[in-house]
2 protein chains.
Amino acid sequence: MARKRITPGKIRLTEVAKLAGVSPITASRFFRTPEALSVGKRARVESAAKELGYVPNLAARALASQRTEVVGVLIPSLTNNVFADVLRGIYDALDGSRYSIQLANTRYSILQEERLLRLFLAQKPAGLIVTGINQTADSRAIMESVDCPIVQIMEIGPSPIDMMIGFSHFDASRAAIAHLLAQGCRRIGFLGARMDPRVQRRLDGYQAAMNDAALFDPRLVVTTAVPTSVTLGGTLFADLLAKAPDIDAVFCVNDDLALGALFECKRRHMAVPDQIAIVGFNDLEFMSSSVPTLSSVRTNRYEMGRDAATMVIETLEGRRPAEPVVDLGFSVMERQSSARRS
Amino acid sequence: MARKRITPGKIRLTEVAKLAGVSPITASRFFRTPEALSVGKRARVESAAKELGYVPNLAARALASQRTEVVGVLIPSLTNNVFADVLRGIYDALDGSRYSIQLANTRYSILQEERLLRLFLAQKPAGLIVTGINQTADSRAIMESVDCPIVQIMEIGPSPIDMMIGFSHFDASRAAIAHLLAQGCRRIGFLGARMDPRVQRRLDGYQAAMNDAALFDPRLVVTTAVPTSVTLGGTLFADLLAKAPDIDAVFCVNDDLALGALFECKRRHMAVPDQIAIVGFNDLEFMSSSVPTLSSVRTNRYEMGRDAATMVIETLEGRRPAEPVVDLGFSVMERQSSARRS
DNA sequence: ACCGATATTGACAGCGCTACCAGCACCTTG
DNA sequence: CAAGGTGCTGGTAGCGCTGTCAATATCGGT
């Protein structure tokens with residue numbers, strides 16, 4: 001009846017154990033809790049594994065142990081420079097560790113996010129990194145009931161699911177406006193694209209700052225659900241000028257829009273900053289080398305990814321960070337595009 | 001002695017089979033080869049699975065079947081816009097399919113690539129997407145001996161490992177130079193960063209075109225191993241001007257450098273294109289909205305990723321593409337920055 | 001020398017699924 | 001009506017590893 005599914009020269013843990021003269025379970029322990037082995041056996045297993053070129057079978061390990069060494073990462077976009085930096089941080093932190101990454105793209109949809117979450121959790125990930133704090137109620141419930149470290153990234157807020165690392169988009173935006181006000185600007189326009197939750201909070205920060213200064217005017221705000229681009233920055237800026245021709249500054253929710261606005265100014269022969277001040281958000285690399293250099297709000301994206309991944313690892317290794325919520329802050333980079341008019 | 005490791009309410013294939021009134025193996029077949037079931041059982045298993053909310057255990061599946069449904073993707077950079085577009089194509093194509101993606105970052109090192117390759121292949125991926133055609137001899141040997149579809153992306157060349165999709169960087173570069181020559185430029189500089197194999201081939205194309213026109217001069221070439229950035233574009237352009245003050249055009253191996261060169265021209269009050277023509281490479285979104293608009297070589301990055309993933313899937317489903325090497329071509333986008341001087 | 005505590009090692013079964021073969025019913029063909 | 005498909009279903013074992021407990025070795029203290 002049953003025929004062995006013979007696997008010829010394959011190197012399994014059994015082979016390593018045999019060569020090392022120990023039982024398979026001891027060899028197994030070498031890879032998981034080496035400190036539990038006597039020094040002699042540890043060395044024997046190590047050299048046997050190296051000699052045979054043993055590579056553990058992760059599927060078997062996952063099946064037997066009921067868990068994986070995969071960290072799931074959920075981000076809304078693959079093309080956005082911001083997330084590219086975050087991802088690089090995550091990959092750098094996890095590179096060389098035992099953990100690997102499963103990346104999925106929610107496309108800014110929390111329903112898609114929920115679907116992907118279920119998919120992930122069914123495979124029992126070691127940890128989870130999710131973007132933002134606006135999950136569906138179901139997503140939240142799922143994550144709260146699951147027993148693995150979870151880090152919410154990009155922003156901070158009350159009641160983290162588990163851990164959190166980011167900064168306040170509201171405060172960052174308000175600080176940018178405060179800077180423009182300090183430069184003497186009064187009619188400060190707002191350009192927003194995509195309008196995901198974090199951009200929305202930047203709008204809130206803008207509005208709060210403008211209201212505090214008694215300068216808010218709905219005609220100053222131009223937003224769209226369309227994804228951001230440099231070209232869109234020009235278009236939105238043109239729309240803004242049509243609604244409020246008397247603006248003396250514009251705050252853009254990201255640097256692409258800011259660059260687009262700058263180009264639109266060029267096209268219209270409007271002097272930056274003398275006629276119009278421009279401030280962007282994120283401080284991408286090009287902001288400091290454009291002409292004029294563009295002011296922006298620097299955010300620590302690479303660090304965010306790296307530290308989020310590190311928080312996951314530390315928790316898994318039993319060294320849970322003392323503080324579950326980390327505020328990475330921001331800094332307003334004041335450059336030529338918003339220099340005080342002389 | 002042996003105690004059952006009881007798993008209480010967990011839904012396994014057995015539970016689904018029981019509810020559907022079939023054997024586990026029949027239920028299993030429903031998920032792999034539904035067409036092999038009778039219509040009645042198919043419906044019964046389907047509704048049972050849905051009722052119980054069954055989610056297959058991928059680790060068990062992988063262990064039993066000796067293969068996974070993971071497509072490994074090896075790219076050199078996570079922050080480069082070019083790869084972000086490619087990745088988006090890959091994710092889009094695989095989204096909704098049964099396959100998932102394992103992404104790894106080689107950081108432009110073929111040794112790192114080889115290491116990651118071994119890691120991947122030990123887990124028996126369903127397919128593989130790797131960047132470029134310059135692998136180590138060992139990497140190549142490993143991939144040739146492995147039995148899964150492999151697509152090399154970004155460029156095309158002789159002797160594909162399996163399949164290939166991309167375009168000729170040499171030809172694309174030569175076409176860009178031909179365009180500049182046609183615009184009347186004679187002293188055409190070359191700006192290169194990172195100098196990975198594909199950039200090197202763009203340099204080769206430049207050199208061939210310049211030699212054909214008897215215009216090549218080594219002083220026109222400025223390259224560096226440093227990773228690209230807009231700021232670097234300005235720096236390299238300044239270096240170029242120092243070496244060859246009489247240039248009338250500059251070809252940049254990517255758009256970041258081109259934008260940086262444009263800004264440097266602004267800083268030096270050099271008129272573009274009247275004094276200096278600029279052409280970039282990749283045709284990122286911002287190229288068409290800068291002032292002046294920037295000429296570039298459009299490459300089909302999203303399509304490359306999408307089609308590469310599709311080629312993998314098609315092969316796995318037994319519909320191997322007739323043509324293993326796909327040339328996606330390119331097009332020279334002629335814009336203001338290289339318009340014929342009047 | 002004896003006792004209990006601690007470090008090390010091993011035996012066994014089982015994680016949840018699928019490969020393999022066998023069996024049966026129903027056809028088709030000559 | 002026999003022979004040989006073809007389509008569908010099921011039984012059995014096993015993929016390679018680890019959880020659980022048991023067994024043995026080692027050691028300090030009295």
Side-chain angles (χ1 to χ4, degrees), chain A residues 1-45 48-49 52-69 98 122-124 126, chain B residues 1-45 48-49 52-69 98 122-124 126:
Chain A
M1 29 198 61
R3 60 287 88 198
K4 305 275 182 194
R5 285 183 242 168
I6 33 79
T7 1
K10 196 184 296 176
I11 292 129
R12 288 159 310 173
L13 198 48
T14 318
E15 274 69 52
V16 175
K18 199 167 295 172
L19 180 61
V22 299
S23 70
I25 188 67
T26 300
S28 166
R29 273 193 274 260
F30 168 75
F31 293 100
R32 293 174 293 142
T33 50
E35 67 281 2
L37 294 199
S38 63
V39 184
K41 305 223 167 180
R42 201 183 307 172
R44 296 232 301 282
V45 176
L52 295 173
Y54 171 70
V55 181
N57 181 321
L58 298 188
R61 181 179 285 177
L63 180 58
S65 68
Q66 299 281 55
R67 55 196 158 66
T68 65
E69 289 176 343
R98 63 200 306 172
Q123 310 317 327
K124 309 211 180 57
Chain B
M1 31 200 59
R3 61 286 89 203
K4 306 273 181 193
R5 284 182 243 169
I6 32 79
T7 1
K10 195 182 299 176
I11 292 127
R12 288 159 309 171
L13 196 49
T14 317
E15 273 70 51
V16 175
K18 200 167 291 171
L19 180 61
V22 300
S23 71
I25 186 67
T26 300
S28 164
R29 273 193 275 259
F30 168 75
F31 293 100
R32 292 173 296 138
T33 50
E35 68 281 1
L37 294 199
S38 63
V39 185
K41 305 221 167 179
R42 202 183 308 172
R44 295 230 303 281
V45 176
L52 296 173
Y54 171 70
V55 181
N57 180 320
L58 298 189
R61 183 179 283 178
L63 180 59
S65 68
Q66 299 281 57
R67 54 196 158 67
T68 64
E69 287 175 345
R98 64 201 304 174
Q123 312 316 327
K124 308 210 181 60

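Please read all numbers here as calculations on a predicted model, not as lab measurements. Below, chains carry the letters A, B, ... as their sequence lines are ordered, and counting in each starts from 1.
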From C-beta outward on A:Tyr54, which listed nucleotide comes closest to its side chain: C:dC15, D:dC17, C:dC17? D:dC17
Could you check how far CD of B:Gln66 sits from P of D:dC17, rounded to whole Å? 11 Å
Which nucleotide in the set D:dG19, C:dA11, D:dG10 lies at the smallest distance from any side-chain heavy atom of A:Ser23? C:dA11
Using whole Å, what does the distance between atom P of nucleotide C:dA19 and atom NZ of B:Lys124 come to? 13 Å
Below 4.0 Å: OP1/OP2 of C:dC17 and any side-chain N or O of B:Thr14: no
Against the side chain of A:Lys41, the closest entry in C:dG10, D:dG10, C:dT18 is C:dG10
End-to-end bend of the helix from C:dA1-D:dT30 to C:dG30-D:dC1 (five-pair axes, 10° rounding)? 30°
Go through A:Tyr54 and A:Phe31 one step at a time and tell me if the ring-ring contact (aromatic ring centres under 6.0 Å, His included) criterion holds. CA-CA 11 Å; A:Tyr54 171 70; A:Phe31 293 100; 5.3 Å; yes
Taking atom types as modelled and ignoring hydrogens, do the side chains of B:Arg42 and B:Ser38 form a donor-acceptor contact shorter than 3.5 angstrom? no
To the nearest angstrom, how far is B:Arg61 atom CZ from C:dA19 atom P? 10 Å
Can you identify which nucleotide, out of D:dG10, C:dG10, C:dG16, has its nearest atom closest to the A:Val22 side chain? C:dG10
Pairwise side-chain contact, B:Val16 with B:Ile11, heavy-atom cut-off 4.5 Å (strictly under): yes
In whole Å, what is the span from the CZ atom of B:Phe31 to the P atom of C:dC17? 9 Å
Find the distance A:Gln123:CD to C:dC15:C1' and express it as a whole number of Å. 14 Å
Quick check on C:dA19: is either OP1 or OP2 less than 4.0 Å from any side-chain nitrogen or oxygen of B:Arg32? yes
To the nearest Å, give me how far apart CZ (B:Phe30) and C1' (D:dC8) are. 16 Å
Do B:Arg12 and B:Asn57 come close enough that some side-chain heavy atom pair is under 4.5 Å? no
Between C1' of D:dA22 and CD1 of A:Ile25, the distance in whole Å: 13 Å
At what distance, to the nearest 0.5 angstrom, does CG of B:Leu58 lie from OG1 of B:Thr68? 9.5 Å
Does the side chain of B:Ser65 get closer than 4.0 angstrom to OP1 or OP2 of C:dC17 through an N or O atom? no
Out of C:dT9, C:dT18, D:dT18, minimum distance to the side chain of A:Leu37 belongs to C:dT9
Just N and O in the side chain of B:Thr26: are any of them under 4.0 Å from OP1 or OP2 of D:dC8? no
Would you indicate what A:Arg42 reaches in the nucleic acid, counting non-hydrogen atoms under 4.0 angstrom: base, sugar-phosphate, or nothing? nothing
note: A:Ile11, atom CD1; D:dC15, atom C1'; distance rounded to Å ~ 17 Å
Taking all atoms of both residues into account, what is the closest heavy-atom pair of B:Val22 and B:Ala27, and its distance? CG2-N, 4.1 Å
Spell out yes or no: do the side chain of A:Arg29 and the base of D:dG19 have one donor N/O and one acceptor N/O closer than 3.5 Å? no
Listed nucleotide nearest any side-chain atom of B:Arg12, set C:dG16, C:dT18, D:dC17: C:dG16
pair A:Glu15-A:Leu13: side-chain heavy atoms closer than 4.5 Å: no
B:Arg61/B:Glu69 salt bridge by N-O under 4.0 Å criterion: yes
Mind checking if B:Ala36 touches a base, just sugar-phosphate, or nothing, with heavy atoms under 4.0 Å? sugar-phosphate
